[in-house]
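Have a look at the structure below before the remarks.
Here the structure is a predicted model, which means the values were calculated and not measured. Chain naming here is simple, since letters A, B, ... match the order of the sequence lines and numbering starts at 1 in each.
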Amino acid sequence: MSAGQGKVQSLRGLVDLLPQQTPLWQHLEATAREHFRRAGVAEIRTPLLEHTELFARGIGEATDVVGKEMYTFVDRGDRSCTLRPEGTASVVRAAIEHGLLSQGAQRLWYGGPMFRYERPQAGRQRQFHQIGVEWLGVADAASDAEVIALAWDLLAALGVGGLALELNSLGSPEDRAAYREQLVAWLEAHRDQLDADSQARISTNPLRVLDSKNPDTQALLAGAPTLAEALCPESRERFAAVQEALSALAIPFVLNPRLVRGLDYYSHTAFEITSSQLGAQATVCGGGRYDGLVEQLCGAATPAIGWALGMERLVLLLEQRLAAGELQLPAAAPDLYVVSRGAAAERAGLALAVALRRLGLAVERDASGSAFGKQLKRAQRSGAAWVAMIGDDEVASGQLRLKRLGAAGDATAAVPDAESMVPLGDAGAVLTSLRLLNQD
RNA sequence: GCGGGCGUAGCCAAGCGGUUAAGGCAGCGGCUUGUGGCGCCGCCAUUCGGGGGUUCGAUUCCCCUCGCUCGCCCCA
């Protein structure tokens, strides 16, 4: 639905989250926060805008993200700035900049919007949201399993279905360099049998050829040297330890020797969590170990591991559960709905609403001035259990009318509910009455 | 960046060369100056995403454009 000329719309791929949608996001965020709290992970917030160089160096010039997907511009001070396309580089930059790394291991999480100039698609927008975790200064294999468990349990708690954890090891930097040489040699020898994309990748990013979606290429790769064979004994041992730890935590996984990360600083553990209930963009969470990144950004050599999950994709899954009735969000109904008609009554109604809010009650006030029938209808729809009615009669008598509302769709509601009269202008008395009446 | 599908109200949606642009939901007003869920009545698109063209006549046909959507690429 596009607006006519003259109306300004949001930019392509940048969407508004409307009041009907935000409760689901809040649920997701609250669940994540609770899991981070339990795991002793602290929040870090970094700017949305960084020097372009941070991403060029941190993510890699050769990647699609840096090469063609960044929102980059020159600011008024002639600096090249980029809207962050992901969170890891900023977190590492902040940790280095503020000396966090010299204060022991840092277990951090972040969340918020990221920006990539891509063609919008199911589960992919130009401004999208991630929640991610970065553990800096943590080297042991058990931590790899621990950080994966954090993602796995969060997704499980959210109840998303069809989840699968895919796991691989990229080995040490030396393992990978050696393997890369073997692979390039093999690919060159079979160049004429590869698809065009894969041919181009031989020089730019040979490991990426491994997860080509071209069926012929995949068939051919069955005869290629594998990364697993290229791992040194220490790397194999480490990978085995990660797998054992995951098994001990009852987290199922499948080994995927084709799961690679193209960036140089990745090493050892790489993983992805996918959902069968999504479309083409099935990855909900992706992560891995990046022992080389801190050093690459001029910090002291620091082992690190992290992951990020795509909130839009998660919301898509949660919406399915909501539609299926498997997930219920708490309704945001007020405790009391104030209905008033007439100038004096409106003043009394406003005073009451504000006074009760100051006492901690959730109060919605009808400001329409329309007939009581209409206002009560809205009170009903608000989900409020109680309504306070103030009209000319109540102002004259100094007593407001408190009335309990039945559940929506309750057929017995035609029977008048008991009403009670409470002194007008005495919020404390109203509060007391509600407490007493609620005990019935 | 490439390819497919689709744009009629806040939402769903009929119409397929000449209509007063159906209907439903939501909203608003009324029946009931003051008592909710039901009911009834009324209001809610000078116009069919935008621009141009063909035609006596275009929401309907053609072109361009914008947007949405699904996929490729890539990723979360």
task: Please tell me which of C285(A) and K68(A) maps to the more 5' nucleotide of RNA chain B, matching each residue to the nucleotide holding its nearest heavy atom.
output: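 Its nearest nucleotide being more 5', the pick is K68(A).
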task: State the pairing partner of C6(B); accept Watson-Crick or G-U wobble contacts with both distances under 3.5 Å, and report none otherwise.
output: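 Because both required distances fall under 3.5 Å, C6(B) counts as paired with G67(B).
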- prompt: Who does G1(B) pair with, Watson-Crick or G-U, both distances under 3.5 Å?
  reply: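 Its partner is C72(B).
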Taking RNA chain B as the partner, which of [range] come within under 4.0 angstrom of it by heavy atom?
| range | value |
| --- | --- |
| residues 309-318 of chain A | G310(A), R313(A) |
| residues 121-130 of chain A | Q121(A), A122(A), G123(A), R124(A), F128(A), Q130(A) |
| residues 11-32 of chain A | R12(A), G13(A) |

Checking [X] now: which residues fulfil side chain to side chain donor-acceptor pair (under 3.5 Å) with it, not counting sequence neighbours?
| X | value |
| --- | --- |
| T269(A) | D144(A) |
| Q106(A) | none |
| Q281(A) | R313(A) |

message: I need the full list of salt bridge (charged side-chain N to carboxylate O under 4.0 Å, His left out) pairs touching residues 328-351 of chain A, with sequence neighbours left out, sorted by first then second residue.
response: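 As it turns out, there is no salt bridge (charged side-chain N to carboxylate O under 4.0 Å, His left out) pair with a partner in residues 328-351 of chain A once direct neighbours are skipped.
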- prompt: Does R119(A) put a side-chain nitrogen or oxygen below 4.0 Å from OP1 or OP2 of G3(B)?
  reply: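 R119(A) to G3(B) OP1/OP2: no side-chain N or O under 4.0 Å.
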query: With R33(A), which residues qualify under side chain to side chain contact (heavy atoms under 4.5 Å, CB included), at least two apart?
result: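 Side chain to side chain contact (heavy atoms under 4.5 Å, CB included) list for R33(A), sorted by chain: E29(A), W109(A).
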field: Residues that R258(A) engages under salt bridge (charged side-chain N to carboxylate O under 4.0 Å, His left out), provided they are two or more places apart
entry: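 Counting only residues at least two positions away or on another chain, R258(A) forms no salt bridge (charged side-chain N to carboxylate O under 4.0 Å, His left out).
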Cut-off 3.5 Å, no hydrogens considered: what does the side-chain donor-acceptor table look like for residues 391-399 of chain A, sequence neighbours left out?
unit_1  : atom_1 : unit_2  : atom_2 : d
E394(A) : OE1    : G391(A) : N      : 2.7
E394(A) : OE2    : R401(A) : NE     : 3.1
S397(A) : OG     : D393(A) : O      : 3.2
S397(A) : OG     : E394(A) : O      : 3.3
S397(A) : OG     : Q399(A) : N      : 3.3

What contact category does [X] fall into here, base, sugar-phosphate, or nothing, at under 4.0 angstrom with non-hydrogen atoms?
| X | result |
| --- | --- |
| E69(A) | sugar-phosphate |
| S368(A) | nothing |
| G391(A) | base |
| R116(A) | base |

Using atom types as modelled, flag every donor-acceptor pair under 3.5 Å from a side chain in residues 13-28 of chain A to any protein atom, sequence neighbours excluded.
unit_1 : atom_1 : unit_2 : atom_2 : d
Q21(A) : OE1    : L18(A) : N      : 2.7
T22(A) : OG1    : P19(A) : O      : 3.3

Side-chain donor/acceptor pairs under 3.5 Å, residues 156-167 of chain A, sequence neighbours excluded:
unit_1  : atom_1 : unit_2  : atom_2 : d
E166(A) : OE1    : N256(A) : ND2    : 2.7

query: What nucleotide, of C72(B), G36(B), C28(B), holds the atom closest to the side chain of A280(A)?
result: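 The nucleotide sitting nearest to the side chain is C72(B).
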